[in-house]
Amino acid sequence: MTSIGFERGKTPYTNRDALLDDYTPDELVGRDDELEEYQQLLNPVIWGDQPSNIFLYGKAGVGKTAATKFMLRTLEQDAQEYDDLDLATLHINCDGLESSYQVAVRIVNSLREPSQQISESGYSKAEVYARMWEEFDNNAGITLLVLDEVDHVRKDDSILYQLSRARENDNLETARIGVIGISNDMTFRDRLSAKVKSSLCERELSFSDYDATELRQVLEQRREVAFKDESVNDDVIPLCAAYAAQETGDAREALDYLLVAGDLARDANQRTVTVDHVKEAKSTVERQTISKGLADRGEQSQYVAYAVATLDAEGRTPVRTTDVYERYERLVDRTGERILSTRWVREHLDSLAMLGIISADEINEGAGGGQYKEYELDQAIDVVVDALRDTIDYVGVHESIKKHY
DNA sequence: TATCCACTGGAATATGTGGTCG
DNA sequence: CGACCACATATTCCAGTGGATA
């Protein structure tokens with residue numbers, strides 16, 4: 001019998017929370033230009049004036065959300081100096097909210113007591129909007145509304161227009177709102193209808209990518225808070241920064257490497273984080289990202305991924321859609337699960353490509369061959385197979401996968 | 001330069017779910 | 001309860017697409 005027990009050993013941390021996503025540091029490093037411009041845009045608010053609607057754009061993990069939280073927190077604090085200034089801020093993350101309706105429901109619920117929440121369907125659109133305006137009027141004189149990841153709202157943009165033109169359209173009795181839209185999809189702005197674009201994007205603020213130096217600054221700042229002195233080797237932070245700069249320039253990713261490396265050290269009962277921990281962390285993070293991405297997408301998507309994986313194992317990638325579908329059909333047939341149409345499988349292939357698990361290439365062979373897409377695995381096959389383990393157990397191990405299983 | 005291939009991807013539509021309201 | 005409402009999931013339909021080829 002193994003003896004089980006919990007015990008605290010050695011740790012490199014003093015405050016691990018400082019490495020987590022929702023931690024907002026007191027100072028924001030490496031974003032001086034952006035912050036200065038941001039402050040100018042928000043300056044009217046301190047005078048009680050209606051702020052312009054602001055649109056922030058820049059790649060994922062370049063500090064858009066962090067800068068916004070930081071600015072609004074500062075603004076709220078400073079606003080307390082002035083008795084005649086009735087200011088509130090509201091941060092809505094639009095991830096998972098596809099339609100204007102859902103955004104409106106989320107806004108209403110964020111402004112209401114937990115006991116007064118409304119459900120996500122059942123009302124007419126007009127009804128939800130009416131309640132939303134009511135809540136804004138009750139909420140504060142000026143509400144700064146942050147719509148984070150606003151590009152996820154893709155079905156219709158009516159809410160964006162309504163919000164950004166709320167006062168002109170007499171939707172509000174007394175309140176005023178300023179909309180701050182945040183997007184990391186550069187094409188989103190261009191896809192907006194002209195009238196929404198001109199109102200939502202009155203002012204624009206672009207965030208540039210972090211370069212390796214700035215990434216190191218960010219990591220260094222968190223290290224001071226999160227770790228004990230001398231518990232992080234010198235090469236660790238440059239390596240995290242280099243890995244992240246190599247991939248995307250995403251600060252969140254860089255911090256994730258540092259966090260996982262720290263956890264590895266702690267789990268191994270070591271006081272010091274080393275380069276080896278970072279290297280191991282990198283592969284751990286990659287695996288996590290993929291299996292989480294796949295798990296979120298449901299089983300049909302996993303069958304599709306598995307189909308591509310088996311073809312890859314046979315050396316048949318890049319492989320065109322039709323062949324993927326054939327393989328997918330054969331696999332799913334064994335499970336007794338329903339077989340989706342080609343159209344829907346193509347949808348899944350698209351989303352897998354979005355996740356970075358597979359990559360797509362457009363091929364055009366002209367009169368003889370026509371135009372089609374080819375897919376291949378974008379990740380090491382054992383990583384993908386690992387993430388698909390549950391699905392594979394269910395489908396049965398394909399011949400070509402055996403050596404990885 | 002017109003044609004043509006083999007898909008692509010948008011749109012309309014169908015089906016089922018979970019919700020409100022009178 | 002029945003009339004509505006919005007959503008997710010999936011299917012069917014079909015007008016493009018654009019480079020190689022004659």
Side-chain angles (χ1 to χ4, degrees), chain A residues 92-135 149-163 185 187-188 190-193 293-305 307-308 311 316-329 331-333 335-355 358-376 391:
Chain A
I92 303 281
N93 191 321
C94 302
D95 186 24
L97 308 178
E98 295 226 306
S99 66
S100 290
Y101 184 89
Q102 289 169 317
V103 176
V105 169
R106 180 66 61 86
I107 291 173
V108 171
N109 283 338
S110 306
L111 291 173
R112 284 193 174 185
E113 299 292 316
S115 59
Q116 310 254 339
Q117 304 276 303
I118 60 175
S119 74
E120 286 164 17
S121 69
Y123 305 99
S124 70
K125 196 175 205 164
E127 174 77 9
V128 177
Y129 278 24
R131 292 185 189 202
M132 182 178 71
W133 302 129
E134 199 179 299
E135 293 303 326
E149 305 196 56
V150 65
D151 48 308
H152 287 77
V153 185
R154 45 154 82 141
K155 291 229 169 105
D156 67 291
D157 54 15
S158 82
I159 185 100
L160 303 178
Y161 181 70
Q162 292 290 331
L163 285 170
D185 178 357
T187 65
F188 174 73
D190 303 325
R191 287 204 309 269
L192 292 171
S193 61
L294 279 170
D296 287 350
R297 258 146 237 250
E299 57 181 12
Q300 285 290 350
S301 197
Q302 303 193 15
Y303 296 145
V304 177
V308 179
L311 290 161
R316 288 179 56 194
T317 50
V319 60
R320 60 163 68 191
T321 317
T322 323
D323 299 335
V324 176
Y325 187 70
E326 222 171 81
R327 173 61 51 88
Y328 158 84
E329 260 185 312
L331 291 172
V332 178
D333 197 40
T335 70
E337 200 82 0
R338 62 189 302 198
I339 296 172
L340 300 180
S341 63
T342 49
R343 184 65 187 81
W344 195 246
V345 168
R346 287 200 326 257
E347 211 70 28
H348 282 308
L349 284 168
D350 276 352
S351 75
L352 288 172
M354 224 58 123
L355 269 174
I358 62 177
S359 60
D361 215 3
E362 261 174 62
I363 310 285
N364 194 332
E365 288 185 41
Q371 199 177 54
Y372 55 91
K373 278 188 164 183
E374 279 187 344
Y375 298 92
E376 62 188 320
T391 311

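Naming convention: chains lettered A, B, ... in sequence-line order (proteins, then strands); numbering from 1 in each chain.
- Rounded to whole Å, the distance from CZ on A:R320 to C1' on B:dC5 is 10 Å.
- Using a 4.0 Å cut-off between charged nitrogen and carboxylate oxygen, A:R131 and A:E135 do not count as a salt-bridge pair.
- Contacts between residues 116-125 of chain A and DNA chain C, defined by a heavy-atom separation under 4.0 Å, are made by A:G122, A:Y123, A:S124, A:K125.
- The nearest whole Å value for the distance from the OH atom in A:Y129 to the P atom in C:dA6 is 11 Å.
- With pairs defined as Watson-Crick or G-U wobble and both atom distances under 3.5 Å, the stems of at least three pairs that touch DNA chain B come out as B:1-22 with C:1-22.
- The distance between atom CG of A:L97 and atom C1' of C:dA6, rounded to the nearest whole Å, is 14 Å.
- Going from atom OH of A:Y372 over to atom P of B:dG9 covers 15 Å, rounded to whole Å.
- Distance CZ (A:R297) to P (C:dA8): 14 Å, rounded to an integer number of Å.
- The closest side-chain heavy-atom distance from A:W133 to A:Q162 is below 4.5 Å.
- Rounded to a whole Å, the CZ atom of A:R106 is 16 Å from the C1' atom of C:dA6.
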| message | Across nucleotides 9-22 of chain C, 5' to 3', mark each nucleotide with B, S or - according to how protein heavy atoms within less than 4.0 Å reach it. | response | SBBB----BBBB--
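- Between the CD atom of A:E347 and the C1' atom of B:dT8 there is a distance of 11 Å, given to the nearest Å.
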